[in-house]
Q: 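Take a look at the following structure, please.
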Protein chains: 2
Amino acid sequence: MDTLLKNLKVEINDKLFLKDPETTELGKRIVGHSILMIHEMGFEQFTFKKLGKAIHSNESSIYRYFENKHKLLLYLTSWYWSWLEYHLVLGTLPLSDPEARLKKAIIIVTDEISQDSSFDHINESVLNKIVVAEYSKSYLTKEVDLENKQGYFAVYKRLVLRIRDMIVEVNKDYLYPASLSSMIIEGALHQHFLKEHFTAITDCDLTTTPTTYFLNLIDQLLLTYER
Amino acid sequence: MDTLLKNLKVEINDKLFLKDPETTELGKRIVGHSILMIHEMGFEQFTFKKLGKAIHSNESSIYRYFENKHKLLLYLTSWYWSWLEYHLVLGTLPLSDPEARLKKAIIIVTDEISQDSSFDHINESVLNKIVVAEYSKSYLTKEVDLENKQGYFAVYKRLVLRIRDMIVEVNKDYLYPASLSSMIIEGALHQHFLKEHFTAITDCDLTTTPTTYFLNLIDQLLLTYER
DNA sequence: TCAAATATAATAGTATTACTATCATTAAAT
DNA sequence: ATTTAATGATAGTAATACTATTATATTTGA
């Protein structure tokens with residue numbers, strides 16, 4: 001399985017880049033370092049000029065890979081969701097019991113990525129923190145409908161639908177499986193953010209994690225016996 | 001009650017502005033028109049220069065009221081949450097039954113603001129749309145901890161805690177009242193966004209609203225009989 | 001009512017951002 | 001060895017996000 005993971009080619013909409021960064025050394029350095037820099041300084045402060053300096057390359061060279069930093073963010077987050085989807089599929093495949101499958105899925109999508117699998121140039125743990133802090137900005141734009149039409153959010157949506165389907169398998173009578181699924185995925189990011197910055201309005205901390213909270217949630221919503 | 005509403009002075013952290021916009025005609029025009037413009041063009045495209053032109057005033061005059069557009073966004077969203085809190089308090093005050101109170105609270109914070117009460121220069125319905133589309137950007141920044149310490153998010157947090165308390169009143173055994181409350185408030189904004197832009201991953205539409213969904217959620221989580 | 005204070009407008013200027021364009025250099029492939 | 005492709009260096013543009021200065025209205029209060 002580890003070798004499988006190593007050979008995994010994450011699937012990303014090819015309109016998100018001008019030149020596939022996976023095909024060159026420079027491309028990988030752009031992606032790898034942009035993750036670290038966006039995490040360090042935040043998306044607003046991050047610029048291609050600063051990135052060029054950091055990787056001892058040139059601003060103009062970076063523009064040959066990505067049109068602008070918005071597209072780069074879409075690329076990075078697509079990579080993340082695609083990577084997570086792969087783990088979800090792989091992690092739930094051996095489980096035939098719907099309840100066990102769903103629980104495993106919840107764990108995968110709500111847990112913090114603490115382990116840097118570091119099989120490549122991408123630090124998944126840092127990328128996870130970027131997704132928590134910046135993902136909303138990728139779709140809260142005036143261009144969202146156009147970009148959605150272009151398929152820029154396809155991976156994310158497919159992930160939500162996978163979990164929706166698992167919800168239905170567990171309880172076909174539950175009326176809002178899509179909303180529940182999208183709420184869990186977005187809500188987990190939010191709770192992770194709150195436990196770092198607004199501790200007063202979350203119960204999540206070092207012992208109670210967003211995973212604990214959401215496992216309890218689906219348990220009560222879907223798995224409680226006849227009422 | 002209508003006159004009460006009219007005399008309501010929404011409470012806002014006074015570090016969010018340089019000069020209170022409520023005290024002058026120009027200030028009110030700045031606030032009123034910035035809401036319309038941010039809604040029309042999105043926060044990224046919105047500038048003080050454009051706003052100045054739109055209200056036939058000068059960029060430099062706007063800078064005398066607000067340090068920058070980030071502070072203006074914090075001001076507008078604070079105004080919104082304060083206004084909503086007022087409605088929450090007023091709307092739940094007459095209800096003594098904890099369950100009825102909580103349900104009423106959920107309705108107030110998850111429903112779309114369709115009616116423009118238009119008792120003043122602020123269009124609450126448009127402001128509500130701004131909150132859906134832009135609120136996350138006000139706290140997903142590198143300055144969030146500093147700004148939180150300054151109290152810029154105090155109203156929002158207090159609203160979350162009010163609903164948390166109502167949750168506890170309904171079911172003192174529920175383990176995650178703060179996370180549930182924060183999830184409902186943020187989740188409602190998210191579901192409203194999804195029903196406009198990512199319809200495939202939500203069950204919300206014209207008939208099933210976020211309110212329907214969240215009322216069912218608390219019903220199942222807190223109000224279901226002994227299990 | 002007239003002077004002083006205050007609010008607003010107009011204009012100019014700066015550093016940075018988010019690019020585009022051009023040309024030079026280096027590396028790779030045929 | 002030559003062409004092609006990739007990268008780097010430099011320059012330039014329009015817009016943004018301001019700051020500063022000065023001019024002009026408007027308000028107020030002695």
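None of these values were measured; they are calculated from a predicted model. Per chain, numbering begins at 1; letters A, B, ... match sequence-line order.
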Q: Nearest 0.5 Å, please: how far is OH in Tyr65(B) from CG in Leu26(B)?
A: 4.5 Å
Q: Between dT19(D) atom P and Ile62(B) atom CD1, what is the distance in whole Å?
A: 14 Å
Q: Would you please say whether a donor-acceptor pair under 3.5 Å links the side chains of Thr209(A) and Gln191(A)?
A: no
Q: Return the residues of residues 37-48 of chain A meeting this criterion: a heavy atom under 4.0 Å from some atom of DNA chain C. Order them by number, or give none.
A: Thr47(A)
Q: Judged by modelled atom types alone, do Thr208(B) and Asp203(B) share a side-chain donor-acceptor pair under 3.5 Å?
A: no
Q: To the nearest Å, give me how far apart OH (Tyr63(B)) and C1' (dG13(C)) are.
A: 14 Å
Q: Reading nucleotides 4-14 of chain D 5' to 3', which nucleotides get B (base under 4.0 Å from a protein heavy atom), which S (sugar-phosphate only), which -?
A: --SBBBB----
Q: Touch check for Lys69(B), heavy atoms < 4.0 angstrom, all strands: base, sugar-phosphate only, or nothing?
A: sugar-phosphate
Q: Check whether any side-chain nitrogen or oxygen of Lys50(B) sits under 4.0 Å from OP1 or OP2 of dA15(D), and answer yes or no.
A: no
Q: Less than 3.5 Å apart, any donor N or O on the side chain of His87(B) or Glu124(B) sitting next to an acceptor on the other?
A: no
Q: Over how many whole Å does the gap from Lys49(B) atom NZ to dA9(C) atom C1' extend?
A: 14 Å
Q: Side-chain donor-acceptor pairs under 3.5 Å in residues 52-62 of chain A, sequence neighbours left out?
A:
| unit_1 | atom_1 | unit_2 | atom_2 | d |
| --- | --- | --- | --- | --- |
| Asn58(A) | OD1 | Ser60(A) | N | 3.1 |
| Asn58(A) | OD1 | Ser60(A) | OG | 2.8 |

Q: For Leu51(A) and dT17(C), what is the distance between atoms CG and C1' respectively, to the nearest whole Å?
A: 15 Å
Q: Let me know the distance between NZ of Lys71(A) and P of dC19(C), rounded to the nearest Å.
A: 10 Å
Q: Please say which of Leu215(A), Ile163(A), Thr92(A) ends up in a side chain to side chain contact (heavy atoms under 4.5 Å, CB included) with Leu102(A).
A: Ile163(A)
Q: Minimum heavy-atom separation for Ser182(B) and Val160(B), please, with both atom names.
A: N-CG1, 3.7 Å
Q: Provide the closest heavy-atom pair for Lys71(B) versus Leu16(B) in the form atom of the first, atom of the second, distance.
A: CB-O, 3.8 Å
